[in-house]
Amino acid sequence: MIKAKVAVLVSGGGTNLQALIDAENSGIIKSGELSLVVSNNSDAYALCRAEKAGIKSVVISKKQYKEKFEYEIISTLEENGIDFIVLAGFMCILSEKFTSHFKDRIINVHPSLIPSFCGKGFYGLHVHEAALEYGVKVTGATVHFVNEIPDGGKIIMQKAVSIMEGDTPEILQKRVMEEAEWKILPLALEKVCFELISNKGD
Ligand code: GAR
């Protein structure tokens with residue numbers, strides 16, 4: 001069976017990348033092959049996770065490439081024959097030029113139930129701060145396709161997570177990762193890769 005070649009774009013700790021690596025090793029992901037990790041941050045711990053897993057990684061920083069940043073990512077993805085892209089804690093908003101280049105070929109994991117607490121400015125811990133401040137009793141995570149609207153593409157999977165008395169943003173972030181993100185991201189990636197390779201007729 002031919003697998004989709006997957007690139008994971010990261011910026012930080014890379015726990016979602018780790019969930020994907022573990023899911024590939026345990027056979028949950030079988031229609032895709034983690035082939036490349038791209039980080040915009042040379043200090044990202046995600047790079048160590050990629051190295052340990054034997055996955056090629058590349059650092060492409062905005063500071064270095066400036067207006068050629070996205071162009072450099074696109075070239076790198078194409079040179080490596082990438083079929084599918086996962087944004088896993090990638091803290092840069094991609095332009096329409098980028099998203100339309102890979103139309104229906106990019107997914108993102110977001111730590112809330114979209115359409116709540118999403119869009120520009122809602123990333124990482126800020127999402128959980130906003131949920132706690134609003135006082136919602138349920139939050140969660142969403143995996144969705146990426147288009148030109150931040151967090152605005154078609155939803156693939158969601159999972160709800162309860163908010164508990166005394167939660168801090170850090171505690172909530174950890175629960176949302178453990179109970180939702182690390183579970184639905186691998187499942188969603190397998191789903192889209194399976195559909196991609198099936199449509200190719202391979
Ligand atoms: C995750 O919670 C991810 O959902 C979030 O950043 C964290 C990255 O953690 N992404 C966003 O907020 C994107 N809008 P990780 O590097 O350990 O996977």
Side-chain angles (χ1 to χ4, degrees), residues 1-66 68-94 98-99 101-102 105-111 123-125 127 141 143-146 156-157 170 173-194 196-197:
M1 183 169 91
I2 294 175
K3 297 185 181 205
K5 285 189 87 178
V6 177
V8 186
L9 273 54
V10 297
S11 298
T15 64
N16 279 289
L17 169 65
Q18 191 64 53
L20 295 174
I21 292 168
D22 295 346
E24 187 177 18
N25 289 337
S26 68
I28 291 171
I29 296 174
K30 42 190 182 291
S31 306
E33 182 179 13
L34 301 178
S35 307
L36 181 71
V37 169
V38 178
S39 176
N40 66 314
N41 167 16
S42 58
D43 294 330
Y45 185 68
L47 291 166
C48 302
R49 297 182 191 272
E51 196 186 346
K52 272 188 205 151
I55 303 169
K56 178 178 173 182
S57 64
V58 185
V59 176
I60 300 174
S61 83
K62 246 184 181 169
K63 242 187 194 167
Q64 187 184 354
Y65 286 98
K66 299 190 176 76
K68 292 215 168 95
F69 174 65
E70 287 191 356
Y71 175 81
E72 187 60 25
I73 299 179
I74 293 175
S75 309
T76 304
L77 296 172
E78 289 188 335
E79 277 161 22
N80 285 276
I82 296 301
D83 300 305
F84 212 93
I85 301 158
V86 181
L87 308 185
F90 186 63
M91 300 304 180
C92 304
I93 291 179
L94 296 165
F98 190 104
T99 57
H101 192 93
F102 295 103
R105 301 282 182 107
I106 316 173
I107 61 170
N108 176 50
V109 60
H110 182 76
Y123 59 90
L125 214 50
V127 179
V143 179
H144 62 92
F145 282 104
V146 174
I156 303 162
M157 254 177 225
E170 290 80 6
Q173 180 180 52
K174 190 162 176 275
R175 189 179 314 118
V176 169
M177 284 175 158
E178 285 172 355
E179 292 184 10
E181 294 185 51
W182 301 342
K183 291 188 174 157
I184 64 172
L185 183 59
L187 295 177
L189 181 60
E190 171 55 23
K191 183 175 188 286
V192 292
C193 285
F194 179 76
L196 185 69
I197 63 173

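Worth knowing before you read on, the calculation uses all heavy atoms, side chains too, and leaves out hydrogens, waters and symmetry mates.
- Contact check for Phe145 versus Val192: side-chain heavy atoms found under the 4.5 Å cut-off.
- For the pair Ile55 and Val8, the minimum side-chain heavy-atom distance is 4.5 Å or more.
- Proximity of a side-chain donor or acceptor of Asn108 to a complementary backbone N or O of His144 within less than 3.5 Å is not detected.
- Residues Gly32 and Glu24 approach most closely at O-OE2, 3.8 Å, considering heavy atoms.
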Side chain to side chain contact (heavy atoms under 4.5 Å, CB included) evaluation trace for Val146 with Ile85: CA-CA 10 Å; Val146 174; Ile85 301 158; over 6 Å; no
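- Side chain of Glu190 to main chain of Lys30: a donor-acceptor pair is present (N/O by atom type, distance under 3.5 Å, no hydrogens or angles).
- Side-chain contact between Val6 and Leu20 is absent, with no heavy atoms from C-beta onward closer than 4.5 Å.
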Test side chain to side chain contact (heavy atoms under 4.5 Å, CB included) applied to Glu70 and His101, step by step: CA-CA 11 Å; Glu70 287 191 356; His101 192 93; over 6 Å; no
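- Panel note: side chain Arg49, backbone Gly13; a donor-acceptor pair is recorded below 3.5 Å.
- Rounding to the nearest 0.5 Å gives a distance of 11.0 Å between CD of Gln173 and CD of Glu178.
- For Asn25, there are no side-chain hydrogen bond (donor to acceptor under 3.5 Å, both in side chains) partners two or more places apart in sequence or in a different chain.
- At least one side-chain heavy atom of Leu185 sits less than 4.5 Å from a side-chain heavy atom of Ile107.
- Heavy atoms from other residues, nucleotides or ligands lying under 6.0 Å from OH of Tyr123 number 12 at most.
- Side-chain contact between Phe90 and Ile106 is absent, with no heavy-atom pair separated by less than 4.5 Å.
- The shortest distance between side-chain heavy atoms of Leu77 and Phe102 falls below 4.5 Å.
- Closest of all the heavy-atom pairs between Ala188 and Ile156 is CB-CG2, 4.0 Å.
- A side-chain donor from one of Ser11 and Asn40 sits under 3.5 Å from a side-chain acceptor of the other.
- The CD1 atom of Ile82 lies 9.0 Å from the CD atom of Glu33; values are rounded to the nearest 0.5 Å.
- In terms of modelled atom types and a separation under 3.5 Å, the side chain of Arg105 and the main chain of Asp83 share a donor-acceptor contact.
- Within 6.0 Å of the CD atom in Glu170, the count of heavy atoms belonging to other residues, nucleotides or ligands exceeds 12.
- To the nearest 0.5 Å, atom NZ of residue Lys183 and atom CD1 of residue Ile28 are 10.5 Å apart.
- Taking 4.5 Å as the limit, some side-chain heavy atom of Leu189 sits within range of a side-chain heavy atom of Phe84.
- We find the CG-CG distance between Leu36 and Leu9 to be 8.0 Å, quoted to the nearest 0.5 Å.
- Taken to the nearest 0.5 Å, the CG atom of Leu17 stands 10.0 Å off from the OG atom of Ser39.
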Verdict with reasoning, Gln18 to Asp22, per side chain to side chain contact (heavy atoms under 4.5 Å, CB included): CA-CA 6 Å; Gln18 191 64 53; Asp22 295 346; 3.1 Å; yes
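- Once rounded to the nearest 0.5 Å, the distance linking OG of Ser42 with CG of Leu47 reads 8.0 Å.
- Considering only heavy atoms from C-beta on, Glu181 comes within 4.5 Å of Pro111 through its side chain.
- Nearest heavy-atom pair, Ala44 versus Gly12, reported as atom, atom and distance to 0.1 Å: CB-O, 3.4 Å.
- For the residue pair Lys62 and Cys92, the shortest heavy atom distance occurs at NZ-CB, 4.3 Å.
- Closest approach of Ala4 and Ile197 over heavy atoms only: N-CG2, 3.7 Å.
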